[in-house]
Amino acid sequence: MDRHGFLRQLHRVSKPRNYLEIGVNDGRSLALSRVPSVAVDPAFRLVTSISCDVHLVRATSDDFFARRDPLVHLRTGRNLFRALARRDPMNVLGGEPRLELSFIDGMHLFEYALRDFMNVERHSRWSSVIVLDDMMPRDVDEAARDRHTKFWTGDVYKVVQVLRRYRPDLVVVEVDTAPTGVAVVFGADPASTVLKDSYDRIVEEYVVPDPQDVPDEVLTRKNAVRPEALLGAGFWPGLVRARTLRRGRASFAPVRQGLERLTG
């Protein structure tokens, strides 16, 4: 299954009521959304029809998240009928929008991808689903920080290593999609400052000159699950129900158990 096929099915099983995309490019992944969306790219070039209520932002993700109210397009509380149309009646009274499905495919350098995750997490909740693209380069050349190949992941695969090392409260699932894999992150905590507090130290350690020392388990996808296995897992209805009812983080426990059974 390729990444677009995976994203299409992920929309179906996770039933998000909003969507954020960082790195729009030609719009093929954005075209999969049918919910209110925000799409950020400094140089997008759409070549396909978009079928959702979307705010296209021509900016870098850092500049976008530096705005006072970056997700204003997703606010529903100002309009009762808009909230009901978006299947979010509990948000009629307003409040900060919380992202439900996010896809990060921006600048293919580790520190940029890490900042994108940090910024997305600040606007998420534990029931949010965050997808990072290009997490499994197929060779060392593809993983170079200085691009010299047609297909390029850069060194963003290191984000998975950092999240597992610094944020054991999260569950990170590597998924064997074509061509270069994705990682899906569950259990976001917008109150966490661990990555922010450690950011400079992390960058100093992980940003190194080419060639990158890509672990064998990344190149061979040793820890990756089949996309069909994740999409068909039994925890999705419970996650969607808990999100709809705005249940607290304690409801993450059964979701986490289902994910840990899946990943072994």
Side-chain angles (χ1 to χ4, degrees), residues 3-4 6-8 10-11 14-79 81-83 85-88 91 94-125 127-135 147 152-154 156 159 180 182-185 188 190 192 195-196 199 243:
R3 64 183 171 191
H4 293 114
F6 176 74
L7 284 172
R8 180 180 294 106
L10 188 60
H11 275 276
S14 67
K15 294 179 169 54
R17 293 167 297 187
N18 62 51
Y19 174 66
L20 170 72
E21 183 165 299
I22 298 176
V24 178
N25 196 12
D26 59 13
R28 283 181 293 166
S29 50
L30 178 60
L32 303 173
S33 177
R34 297 293 183 270
V35 295
S37 304
V38 176
V40 184
D41 193 310
F44 56 80
R45 46 182 182 84
L46 301 182
V47 298
T48 188
S49 297
I50 306 300
S51 302
C52 63
D53 172 13
V54 62
H55 179 202
L56 282 168
V57 182
R58 193 179 295 276
T60 67
S61 54
D62 284 334
D63 288 345
F64 168 72
F65 282 112
R67 296 180 178 185
R68 184 177 63 85
D69 193 3
L71 301 179
V72 62
H73 179 70
L74 302 181
R75 287 186 178 275
T76 60
R78 295 175 298 173
N79 185 318
F81 298 104
R82 194 179 195 189
R86 293 183 176 185
R87 306 191 306 280
D88 194 11
N91 200 30
E96 290 297 319
R98 290 295 171 182
L99 297 167
E100 298 191 353
L101 176 60
S102 300
F103 180 51
I104 299 174
D105 186 22
M107 186 64 176
H108 289 189
L109 294 176
F110 162 73
E111 62 272 31
Y112 286 79
L114 180 61
R115 287 201 304 272
D116 283 342
F117 175 82
M118 292 162 58
N119 283 320
V120 167
E121 187 182 30
R122 285 194 299 113
H123 296 279
S124 300
R125 55 168 65 100
S127 54
S128 303
V129 179
I130 304 173
V131 183
L132 298 111
D133 196 23
D134 298 310
M135 292 293 108
R147 182 175 187 174
W152 182 51
T153 68
V156 296
V159 173
T180 49
V182 300
V184 186
V185 184
S192 175
L195 297 175
K196 179 181 177 181
Y199 178 79
R243 183 187 65 208

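The first residue in the sequence is number 1, and the count goes up from there.
Side-chain contact between Arg67 and Val57 is present, with heavy atoms from C-beta onward closer than 4.5 Å. Taking the side chain as every heavy atom from C-beta outward, Arg34 and Ser51 approach each other to under 4.5 Å. Put simply, the side chain of Asp105 does not reach to within 4.5 Å of the side chain of Asn25, judged on heavy atoms.
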Side chain to side chain contact (heavy atoms under 4.5 Å, CB included) evaluation trace for Arg3 with Val131: CA-CA 10 Å; Arg3 64 183 171 191; Val131 183; over 6 Å; no

Step-by-step side chain to side chain contact (heavy atoms under 4.5 Å, CB included) determination, Val159 to Leu132: CA-CA 9 Å; Val159 173; Leu132 298 111; 4.1 Å; yes

Worked verdict on Leu7 versus Leu101 for side chain to side chain contact (heavy atoms under 4.5 Å, CB included): CA-CA 10 Å; Leu7 284 172; Leu101 176 60; 5.6 Å; no

Intermediate values then yes/no, side chain to side chain contact (heavy atoms under 4.5 Å, CB included), Asp69 and Arg75: CA-CA 10 Å; Asp69 193 3; Arg75 287 186 178 275; 2.9 Å; yes

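Seen from the ring of Tyr112, Arg115 counts as a face-on cation partner, given the 6.0 Å and 45° thresholds.
Scanning all heavy atoms of the two residues, the minimum distance from Phe65 to Arg122 falls at O-NH2, 4.0 Å. Thr48 and Gly27 make their closest contact through CG2-O, 3.4 Å (heavy atoms, listed as atom of the first residue, atom of the second, distance). Heavy atoms only, all atoms of each residue included: Glu100 and Asn18 are closest at N-OD1, 2.8 Å. For the pair Phe64 and Leu71, the tightest heavy-atom approach, listed with the atom from each and the gap, is CZ-CD2, 4.0 Å. Ser61 approaches Asp116 most closely through the heavy-atom pair OG-OD1, 2.6 Å. Of all the heavy atoms in Ser49 and Ala31, the pair that sits closest is O-CB, 3.5 Å.
Leu74 contributes atom CG, which lies 8.0 Å from atom CG of Leu20 (distance to the nearest 0.5 angstrom). One finds the CZ atom of Arg28 at 5.0 Å from the NE2 atom of His4 (value rounded to the nearest 0.5 Å). Distance OG/Ser127 to CZ/Arg98: 10.5 Å, rounded to 0.5 Å.
No option in Thr153, Asp134, Asp133 other than Asp134 meets the side-chain hydrogen bond (donor to acceptor under 3.5 Å, both in side chains) test with His108. For the side-chain contact (heavy atoms from CB on, under 4.5 Å) with Leu56, the lone residue among Ile50, Leu30, Asp41, Val40 that qualifies is Leu30.
A donor-acceptor pair shorter than 3.5 Å can be found between the side chains of Ser29 and Glu21.
By the side chain to side chain donor-acceptor pair (under 3.5 Å) test, Ser14 is found to be paired with no residue, residues two or more places apart in sequence or in another chain being considered. For Phe103, the ring-ring contact (aromatic ring centres under 6.0 Å, His included) test picks out no residue, with sequence neighbours left out. Partners of Ser33 according to the side chain to side chain contact (heavy atoms under 4.5 Å, CB included) rule, which considers only residues two or more places apart in sequence or in another chain, are His11, Tyr19, Val35, Ser37, Cys52.
In terms of modelled atom types and a separation under 3.5 Å, the side chain of His73 and the main chain of Asp53 share a donor-acceptor contact. A donor-acceptor contact shorter than 3.5 Å links the side chain of Arg243 to the backbone of Lys15.
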